[in-house]
Amino acid sequence: MRSVKAIFSKQLRDMFKNRTVLIQFVVFPLVAFAFTEIVAKPNGSIPDSMFVTMFASIYAGVTVLTTTAGTIAEDRERKSLRFLIMAGMKPYQYMLGVGGVMIAASLLVAVVFGATGGFHGVNFVRFVVVLVLGSVASSLLGATLGIVSKNQQAAAAMAMPLGMILGFTPLLAMFSQTVKKLFCIFYTMQVDMLVSDFSADFTTPATVIIVNIAVFAALFAFAYNKKGLS
Amino acid sequence: MIQMSNITKRFGEQTVLSGVTFKVQEKEIFGMLGPSGAGKTTIINILTNQLSADSGTHSIGVSPRETGLMLDEDGLFVRLSCLENLNIFADIYGISRRKSREALKSVGLELAAKKAVGQLSKAMRQRLALARAILNRPRVLFLDEPTGGLDPATARGIHKLILGLRERGSTIFLTTHNMDEAVRLCDRVVLLHMGVIVEQGAPAEICKRHEAVKTVPDLEEVFIKMTGVELE
């Protein structure tokens, strides 16, 4: 437990000192807030929560994925992980520490998004839970990319386009039924569906997200067995 | 305490270690000497279980948590401060964070405690890496080229620290290609050439055996004489 706490604390401090990462966590809630206040609220024909749900899906797809991949790739490239493991830390403790920060940050971001969107009660809780589940999926996918990448640059080169595809697909699906049908198996589409319409069926999209998490966890385990952390 | 017996290691077609055998006694400073590419780092990697040997046996006589490690790549977290870097490891070892400050003091970095690692000079980073290696008061300390690329002042400071650690009971295994450093520090050395041990024993014994007389002036002493700068 103390190793997980140590990595959690390290990751948290590192995140606050890493402007590039910090901006990624702040930019989507900030843009959603600005668009909601400047565009949506004065315009009666646009739902107040439209930009929040749109940017929340993009956040779930892009930010957590690229940050997790970058963090792990950087710690491997700089050989920091090697020293942590030599000090007696287990790889799963490292993953729990890094993943824990991503989930905690996502929880905070989800609360900000939820407040901006004006959600209340059960809808607010549902919004936060769905966004955190999406972040778990992104975190696992990012961790896999971080492990298979040779260095931080290679991790960014893989994570960014993948994040863009996953994050922006819900936006494209608003204009194309084909995209919607094709990409409905991805968690970001389901996150978008769940947070856009609270009266819609919860079970099927939630199951798809859980299946995504399970598949990414299996992918991560496979990559870890093949390449290890250090 | 540390021992390697008949270790062989190949990377593809290339044999990097061949029949390497040696023993290190407790509380000894043991030097592994050889030029770059001789196989010194591979030996440390095998001893610390970061790499597996193709054949042969090895042991270090203590658990990994009782070892300290300083490698050519420092692995420090560049955006965090010196103290934060050490505190992470203090937390993992389950020792008081006060030890982090003590370790920083012992390498002369107490004034840089809050400085980000990314802002440190190479010499300061090397001292910080050493502070991390000694943080848990290791029984066995592995130092891979501990003074490589450092100025004489810093190198001498690190030498003093290494000798102090031995006094406190640590067994030290170091690699170097600096012969003067080996003579100054090591109780015993092995000379490694292309993965094969060509000689081993106490430095003075080896020199005597080979009738090697030191004729090159000690540049470090010249530096002190010329500049009058105290190098500690």
Side-chain angles (χ1 to χ4, degrees), chain A residues 1-25 67-68 70-98 100-101 105 146 150-153 225-230, chain B residues 41 44-45 47-52 60 62-97 99-100 114-119 125 128-138 140-142 144:
Chain A
M1 191 58 198
R2 62 167 188 254
S3 293
V4 177
K5 236 174 96 183
I7 297 303
F8 188 92
S9 156
K10 165 251 160 191
Q11 193 54 39
L12 203 61
R13 284 167 193 272
D14 194 63
M15 208 166 97
F16 277 107
K17 292 179 182 185
N18 189 344
R19 267 184 229 153
T20 320
V21 168
L22 209 54
I23 286 169
Q24 284 197 59
F25 276 91
T67 308
T68 312
T71 299
I72 294 175
E74 183 183 19
D75 283 352
R76 286 180 68 232
E77 187 182 1
R78 291 186 190 275
K79 311 287 181 208
S80 309
L81 252 173
R82 182 194 276 206
F83 285 94
L84 292 171
I85 287 170
M86 285 301 298
M89 192 200 65
K90 302 277 181 289
Y92 78 87
Q93 294 171 325
Y94 173 80
M95 286 309 306
L96 284 175
V98 172
V101 170
K150 272 193 171 176
N151 51 43
Q152 209 182 345
Q153 207 178 354
N225 283 334
K226 277 265 177 199
K227 299 208 59 164
L229 268 184
S230 50
Chain B
T41 304
I44 286 194
N45 287 341
L47 283 171
T48 53
N49 288 322
Q50 296 177 74
L51 201 62
S52 54
I60 55 171
V62 293
S63 74
R65 292 180 73 88
E66 293 174 293
T67 62
L69 186 64
M70 180 185 175
L71 299 175
D72 51 348
E73 285 172 291
D74 59 38
L76 295 163
F77 299 105
V78 288
R79 285 177 292 274
L80 302 187
S81 71
C82 298
L83 192 61
E84 286 169 334
N85 262 275
L86 296 192
N87 281 343
I88 293 167
F89 286 85
D91 290 347
I92 292 172
Y93 288 128
I95 58 177
S96 163
R97 286 186 167 194
K99 302 270 182 202
S100 301
K114 290 188 177 170
K115 214 169 178 183
V117 168
Q119 297 174 340
R125 280 178 76 139
L128 181 60
L130 184 60
R132 184 187 54 198
I134 62 171
L135 183 66
N136 57 335
R137 292 277 169 94
V140 175
L141 184 61
F142 293 98
D144 193 7

Exercise. Of the listed residues (A/Lys79, A/Glu74, A/Arg2, A/Lys10), which shares the most heavy-atom pairs with chain B below a 4.5 Å separation?
Worked result: A/Arg2

Could you pull out the closest heavy-atom pair between [X] and [Y], with the gap in Å?
X	Y	result
B/Phe89	A/Phe83	CE2-O, 3.5 Å
B/Arg97	A/Ser9	NH2-OG, 4.5 Å
B/Ile92	A/Ser3	CG2-OG, 3.8 Å

Problem set entry | When B/Asn87, B/Leu76, B/Asp74, B/Asn136 are compared by non-hydrogen pairs under 4.5 Å with chain A, the top option | B/Asp74

For this session: Heavy-atom pairs under 4.5 Å with chain A are the metric here; pick the option from B/Gly75, B/Pro64, B/Gly68 that has the most.
Result: B/Gly75

Exercise. For chain B, which residues from residues 16-23 of chain A lie under 4.5 Å away (heavy-atom distances)?
Worked result: A/Lys17, A/Asn18

Exercise. Within a radius of less than 6.0 Å around CZ of B/Arg125, do more than 12 heavy atoms belonging to other residues, nucleotides or ligands occur?
Worked result: yes

Exercise. Under a 4.5 Å heavy-atom cut-off, does chain A meet the side chain of B/Glu73, its backbone, both or neither?
Worked result: both

For this session: Kindly determine whether A/Leu84 and B/Phe77 satisfy side-chain contact (heavy atoms from CB on, under 4.5 Å), including the steps that lead there.
Result: CA-CA 11 Å; A/Leu84 292 171; B/Phe77 299 105; 3.8 Å; yes

Seminar exercise, completed: Sorted by chain and residue number, the side chain to side chain contact (heavy atoms under 4.5 Å, CB included) partners of B/Asp144 (sequence neighbours excluded) come out as B/Thr41, B/Ile44, B/Leu71, B/Asp72, B/Thr175

Exercise. Can you find a heavy atom in the side chain of B/Thr48 that is under 4.5 Å from one in the side chain of A/Arg82?
Worked result: no

